**Student:** 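Got a structure for you, written out below as structure tokens; questions coming shortly.
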Amino acid sequence: MTTRFLPLVLAGVGLGLGPAPAPKRPAPAPTHTFALGASQFLLDGKPYQIVSGELHYPRIPREAWRSRLRAAKAMGLNTVGTYVFWNAHEPQPGQFDFTGNNDVAAFVKMAQEEGLWVTLRPSPYVCAEWEFGGYPYWLQNITGLKVRSQEPQYLAAYRRYLLAVGKQLAGLQVNHGGPILMVQVENEYGSYGSDKVYLTQNKKMFEEAGFDGLLYTCDPAADVAAGHLPGLLPAVNGVDKPSQIRQLVNANHDGKGPYYVAEWYPAWFDWWGTEHHTVPAAKYTPGLDSVLRAGMSINMYMFHGGTTRDFMNGANYKGPGTHYEPQISSYDYDAPLDEAGNPTAKFRAFREVIAKYRPAGAPALPPVPAAKPSVAFPAVQLTYNGELMSRAAAPVASQKPLTFEKLKQAYGLVQYRTTVAGGGEKWLKIKDVRDYAVVLVNGKRAGTLDRRLEQDSLRLTLPAGQVQLDIVVENLGRINFGKYLLENNKGITKSVTLGGKELTNWQHYGLPLAQDPQKATAKTTRASNDAPAVSRGTFTVATPTDTYLDMRQWGKGVVWINGHNLGRYWAIGPQQTLYVPAEWLKKGANTVTVLEMLKTKQATLTFLDHPILSEVRPSSALVN
């Protein structure tokens with residue numbers, strides 16, 4: 001009996017009612033054992049084949065988690081896998097967020113409620129087409145810090161994060177009554193290095209954080225030896241030939257299994273300006289069949305991708321001579337469950353294969369979920385709500401331009417302003433702009449610069465007198481893979497010259513856009529210039545239903561509905577729509593906010609009942 005119940009007990013005795021009953025405590029969840037056998041995993045001492053699919057809690061509205069988990073079970077999965085995202089959980093040093101869509105513990109518990117096991121991937125680096133590969137932007141502000149190394153400052157920040165994750169999730173391991181079967185240490189580390197001392201430090205930190213169950217590593221086939229830590233199970237990525245899987249694991253695990261394909265890819269992701277990736281199910285069903293027939297375990301990446309919102313998309317860049325490739329907001333991935341959570345032909349094909357290898361006596365699979373209804377609501381007329389600049393914080397002054405990181409701003413946009421002598425034509429050169437810039441002369445757009453196209457110069461026609469020069473720079477996503485992880489500063493990262501002369505005396509206006517920029521301004525009529533602007537509107541919904549915003553008539557920007565960030569749009573494609581989950585709509589009035597950077601006179605927003613993810617368009621689509 002705890003002290004807090006004592007007054008109630010004494011009150012009962014004083015009234016002659018006898019002692020109060022002891023408070024009922026929930027029965028502890030049964031614990032299980034999960035271990036490595038010679039060739040298979042052992043759950044409570046019996047062979048267990050993991051048939052898993054990856055889905056990420058931040059990419060799915062929390063209100064839809066359960067339906068996605070039930071769909072996983074209906075396809076025949078017995079396990080789900082997820083990363084844990086450092087930059088979502090520690091957006092600023094020492095400030096942790098495990099609430100709302102970041103409540104990973106609630107997601108794991110919900111999986112258990114739905115009869116699913118979990119493989120957890122909480123290493124600080126996730127890749128995952130996610131901003132900075134999961135690292136928080138502020139690591140770049142620590143002089144000398146080097147990620148994925150023994151550098152002390154990195155290890156200290158990593159340890160603090162991992163201890164916080166452990167408080168949320170260590171108690172949910174299978175040996176503590178939870179659904180987490182095993183936990184991954186680091187992530188494809190062999191693609192970066194082979195420092196076994198660093199990997200050992202990882203393992204020790206995981207154990208210190210309370211992860212006392214089964215730990216494993218995972219790497220692509222060519223990198224297993226470099227990324228594996230002796231004593232841990234080496235899982236392999238991107239392989240579905242049993243003989244190759246067996247050889248790789250045996251060579252790095254004392255000649256024995258179990259055999260686990262930690263990432264098996266049924267399709268691929270997309271980036272701006274390129275074709276949408278699709279792969280027919282028939283190309284992958286034979287590989288899935290062969291792995292399951294061999295009794296091996298597998299995790300498909302992705303089972304369901306969802307949407308990368310809140311500026312959390314990453315980018316690829318392999319170095320000079322290659323292009324910077326920021327990823328789109330849709331993470332549909334051509335996965336078995338589409339972006340909106342509807343089963344696809346791939347879902348049904350994989351379900352048929354999985355059903356062949358279910359254990360004897362297993363209950364029948366749940367029925368395939370029906371596709372959710374989707375509608376095209378009537379078009380909405382938006383009202384100009386002012387220049388984006390009116391939402392900026394008080395300016396920060398500096399002789400030279402500052403990066404996002406120096407301004408302690410993670411995402412969104414920064415507007416750089418200075419005054420120059422006008423008259424004539426001069427070349428503006430920005431070294432280096434990251435990643436997309438709108439250049440304004442006295443408030444009127446003079447042009448844009450796109451890092452994807454390696455653009456850094458613009459010829460300006462300047463009126464006479466003093467001229468206000470503004471450069472609005474958007475972070476399109478930090479690199480999430482490769483050796484350039486620590487060259488991820490955003491904004492104007494070096495210098496600006498005009499006519500060969502370096503420009504100084506800058507004012508910086510931060511626009512992190514962490515929330516819907518709905519603040520109204522005194523100016524209600526659409527401006528005559530074409531600076532990035534905000535428009536707002538309302539529409540009425542009788543029954544909240546999935547829908548899609550058709551952004552083909554717009555240029556480039558971001559949309560919020562009822563305060564929820566839906567993601568980026570960009571006329572170059574391939575993504576031309578934004579998915580609006582029914583869970584984020586309300587019966588009655590709904591508000592929509594559009595931040596438009598280019599086609600600022602656009603005022604009509606239309607809906608579709610289906611997505612458009614495969615329409616690449618020329619740059620002329622961006623003209624007002």
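This is a predicted model, so every value here is computed, not measured.
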**Student:** So that I know where these two stand, are His89 and Phe98 an aromatic pair - ring centroids less than 6.0 Å apart?
**Tutor:**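 Judged by ring-centre distance (under 6.0 Å), His89 and Phe98 do meet the cut-off.
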
**Student:** Just checking, is any N or O donor in the side chain of Asn299 or Glu54 under 3.5 Å from an acceptor N or O on the other one?
**Tutor:** yes

**Student:** Using a 4.5 Å cut-off on heavy atoms from C-beta on, say whether the side chain of Asn480 contacts that of Asn316.
**Tutor:**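 Yes; the side chains approach each other to less than 4.5 Å.
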
**Student:** Could you tell me how the ring of Tyr284 sits relative to the ring of Trp264: parallel (under 30°), tilted (30 to 60°) or perpendicular (over 60°)?
**Tutor:**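 Correct class here is perpendicular.
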
**Student:** Answer yes or no: are there more than 12 heavy-atom neighbours, outside Glu63 itself, under 6.0 Å from its atom CD?
**Tutor:**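 Counting neighbours around CD of Glu63, more than 12 heavy atoms of other residues, nucleotides or ligands fall under 6.0 Å, so yes.
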
**Student:** Gly37 and Pro258: which non-hydrogen atoms are nearest, and at how many Å?
**Tutor:** O-CD, 3.5 Å

**Student:** Which heavy atom in Thr547 sits nearest to a heavy atom in Phe607, and how many Å separate them?
**Tutor:**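 Smallest heavy-atom distance, with atoms named: OG1-CD2, 3.5 Å.
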
**Student:** Do Phe41 and Phe34 make the cut of ring centroids closer than 6.0 angstrom?
**Tutor:** yes

**Student:** Just by distance, do the side chain of Asn313 and the backbone of Leu476 share a donor-acceptor pair under 3.5 Å?
**Tutor:**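 Judged by distance alone, yes, a pair lies under 3.5 Å.
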
**Student:** For Lys372, enumerate each residue passing the salt bridge (Lys or Arg N to Asp or Glu O under 4.0 Å) test, keeping only those at least two apart in sequence or located in another chain.
**Tutor:**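 Counting only residues at least two positions away or on another chain, Lys372 forms a salt bridge (Lys or Arg N to Asp or Glu O under 4.0 Å) with Asp546.
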
**Student:** Shortest non-hydrogen contact from Arg62 to Asn101?
**Tutor:**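 Minimum heavy-atom separation between Arg62 and Asn101: N-OD1, 3.0 Å.
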
**Student:** Side chains of Tyr192 and Asp223: any donor to acceptor distance under 3.5 Å?
**Tutor:** no

**Student:** Tyr324 and Tyr317: aromatic ring centres closer than 6.0 Å?
**Tutor:** no

**Student:** Side chains of Glu90 and Asn87 only: does a donor on one sit below 3.5 Å from an acceptor on the other?
**Tutor:**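 Side-chain D/A pair, Glu90 to Asn87: absent.
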
**Student:** I'd like to check the ring-ring contact (aromatic ring centres under 6.0 Å, His included) partners of Trp65; sequence neighbours left out, ordered by chain and number.
**Tutor:** Phe107

**Student:** For Tyr301, enumerate each residue passing the ring-ring contact (aromatic ring centres under 6.0 Å, His included) test, keeping only those at least two apart in sequence or located in another chain.
**Tutor:** His56, Tyr333

**Student:** For Asp338 and His304, which I'm curious about, is there any donor-acceptor pair between the side chains at under 3.5 Å?
**Tutor:**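 Distance-only check fails for Asp338 and His304.
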
**Student:** Between Tyr83 and Val126, is there a donor-acceptor pair closer than 3.5 Å when you use the side chain of the first and the backbone of the second?
**Tutor:** yes

**Student:** Can you find a heavy atom in the side chain of Val51 that is under 4.5 Å from one in the side chain of Phe350?
**Tutor:**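 They are not in side-chain contact.
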
**Student:** Is it true that His276 and Trp268 have ring centroids separated by less than 6.0 Å?
**Tutor:**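 Ring-ring flag for His276/Trp268: false, centres at least 6.0 Å apart.
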
**Student:** Answer yes if the side chains of Gln575 and Asp332 hold a donor-acceptor pair under 3.5 Å, and no otherwise.
**Tutor:** no

**Student:** Okay, side chain of Thr274, backbone of Trp272: is any donor-acceptor separation there less than 3.5 Å?
**Tutor:**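 No, Thr274 side chain to Trp272 backbone: no donor-acceptor pair under 3.5 Å.
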
